[in-house]
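A short worksheet on the structure shown next.
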Amino acid sequence: MAQKKVPKHIIRYDGGINQQDKPYLIASNEGQEMQNYDLDRSGKGMALPTRLGNAKYFSTPVTSATSTRGIYQYITKTNTSTYYLASLTNLYKYTTAGTTRMTFTLTADKDVAFATFNNKMLFVNGANSMKMVNSEATGTVAGSPPIGARYIQVYANRVWAIATASSPSRIMHCAVQNEQDWTTAKNAGYVDINPDDGDTLTGGRAQRTRLVLFKNRATYALTGRTVDKFAWDLLNTTGCVAPLSIAVVDDNIFYLSDDGVYLLPADATQPVLTSRKVRPIIDSISDKTICCAGLRKNQYRLAYNIASGGKNIRELVLNFRTGAWTEDRHPTVGINSYFYDKKNDRLFAGSASQGMIIQIGSGNTDKGAKIYTYYKTGALDAGEPDKYKHWEKAYLAAATSSSTIYMDYFTDFVSNADQRAISLGSSTVKLIVKREPLELGTEGRYLEIALSNSADAVGASVAQEVYTTNIYGDVVEDD
């Protein structure tokens, strides 16, 4: 019986992770795993560039064994920018000269939420009185704001203090344009958001003509601009279970619910589920309530944890222009919070282990530790069995500044325990192109290929970027 070889192009990379569909059903530009790659720099989907690293913003943490509980960039009306960090019982100010502890005493280990209003930085922590910082005064906000508010927002020319332990469904507002007057005589007041539902407010964000408010199992909108017009409506029943997962881009709100990451477009009532293809990863999160998120350019980055009592040492990264997800793993960098310095185009995270700011996307290591890469294709189909077809060879065309790429392969969903170390030449050469056939030791209709930058199949370090530019193979077909 005659045979013929049919070259078959295998893969592109711009579709991101798909772990929800069967491996043989996912698109050719998707992968089952994509760890520590940056698809924003992927050259129209034809390459897998290693992501940039994470670096300490200052070398010395303000606290050595206590996590960061909030970070914020305060920009004054004169466009002066200052970073602040909350840790343990204190608030710290970052300057070019170092850090300064502010004259506050906060209840220890409470998440701190910030807002800017009337050229003042205001903050709450769910336990103490509302505090403020500006060029004229530093201390407790006057005018009897609620004590123990958990979240803070600005809407309708007012500051809103959201939820206390005794009133978990209440939002309270100051007088118009006066954060230091919370008396009803000046039209300050409060609104109870469905107070009899047995649920708790988990945060809010201003969105055009409304204040969107989240509970664990529902999303609401407060509308109106004056006390007599304030009214709330139920938008949908998704809810937000992680207060620090809420992030806004172009008036669109991202948030984490029990079953995934949703996007609530401006003025819409129903959200869009963005995370269907990474649902297994979402389901693997041990404690969704401590997940947090940050935004930068085209990316929504959700830091999450995988062990009970563990830190957020992984990130799910959504390119919200293309809808593609990837995963960043950096076990030396636990994340408790984020903020985006739009003025300087820098994303910062608060350390989950120390009082320290970390710059995301800086350098080629994670705080000096190695970056790991790992990619696995979907199940690549040799063809329908009207004729006997199977994979015979695989080819890897690679351009890289590393000397070796490691390849594992699976036929018909079984590992062949046959890892190939593909030598690409001297690592001192900037770009090396290697095309050589890899004889597959086992025949099969379905072929899965895994690529890494180390022999342990979960990746090891490279200080340089590693690219893989093409994978293709020969299918043998019997006539």
Side-chain angles (χ1 to χ4, degrees), residues 3-19 21-37 42 45-50 280 326-327 329 372-385 387-400 402-425 432-460 462 466-478:
Q3 290 184 333
K4 64 179 179 179
K5 293 182 180 180
V6 182
K8 185 163 180 142
H9 177 77
I10 295 178
I11 197 73
R12 286 170 58 94
Y13 308 101
D14 52 354
I17 297 171
N18 186 346
Q19 293 188 0
D21 297 323
K22 297 294 185 182
Y24 51 84
L25 294 177
I26 71 176
S28 62
N29 66 338
E30 297 173 338
Q32 297 180 70
E33 300 280 356
M34 284 190 181
Q35 297 171 16
N36 291 333
Y37 296 107
S42 68
M46 297 304 294
L48 279 174
T50 305
T326 54
E327 184 185 26
R329 296 190 180 188
Y372 301 89
T373 63
Y374 183 69
Y375 164 75
K376 186 178 180 181
T377 68
L380 310 165
D381 192 351
E384 294 295 331
K387 299 178 181 179
Y388 181 68
K389 300 177 181 180
H390 64 271
W391 292 100
E392 181 187 54
K393 296 178 181 179
Y395 298 79
L396 178 66
T400 178
S402 181
S403 59
T404 304
I405 288 178
Y406 294 88
M407 188 189 89
D408 292 273
Y409 69 98
F410 308 75
T411 48
D412 291 344
F413 314 107
V414 177
S415 171
N416 289 279
D418 184 21
Q419 186 181 80
R420 310 293 180 87
I422 304 168
S423 177
L424 300 171
I432 307 161
V433 177
K434 186 77 170 182
R435 289 181 173 90
E436 70 174 34
L438 304 170
E439 300 284 349
L440 302 179
T442 305
E443 296 178 355
R445 173 180 173 180
Y446 294 105
L447 173 67
E448 299 163 286
I449 294 176
L451 300 174
S452 178
N453 53 9
S454 92
D456 63 6
V458 295
V462 284
V466 170
Y467 292 78
T468 56
T469 57
N470 203 349
I471 304 172
Y472 54 102
D474 283 343
V475 173
V476 172
E477 180 179 298
D478 290 337

Go through Y37 and Y13 one step at a time and tell me if the ring-ring contact (aromatic ring centres under 6.0 Å, His included) criterion holds. CA-CA 10 Å; Y37 296 107; Y13 308 101; 8.2 Å; no
Whether Y24 and Y446 hold their rings parallel, tilted or perpendicular, with breakpoints at 30° and 60°: tilted
On the six-membered ring of Y409, is K376 placed so that its NZ or CZ lies under 6.0 angstrom from the centre and within 45° of the ring axis? no
So, the side chain of T377 versus the backbone of I449: is there a donor-acceptor pair under 3.5 Å, distance only? yes
What pair of heavy atoms forms the shortest contact from S452 to T373, and how long is it? OG-O, 3.1 Å
Looking at D412 and R445, is any side-chain nitrogen of the basic one under 4.0 Å from a carboxylate oxygen of the acidic one? no
Minimal heavy-atom distance between F410 and S415, with the atoms involved, is CD2-CA, 3.3 Å
If we ignore hydrogens and angles and just use 3.5 Å, is the side chain of T411 paired with the main-chain N or O of L447 as donor and acceptor? no
Starting at CG of N18, measure out to CE of M34 and round the result to the nearest 0.5 Å. 10.0 Å
Over all heavy atoms of both residues, which pair between E448 and F413 is shortest? Give the atoms and the distance, please. OE1-CA, 3.4 Å
Scan side-chain atoms only and decide if Q19 and Q32 contain a donor-acceptor pair under the 3.5 Å cut-off. no
So, taking the atom named CD1 in I17 and the one named CD in E30, what distance separates them when rounded to the nearest 0.5 Å? 10.5 Å
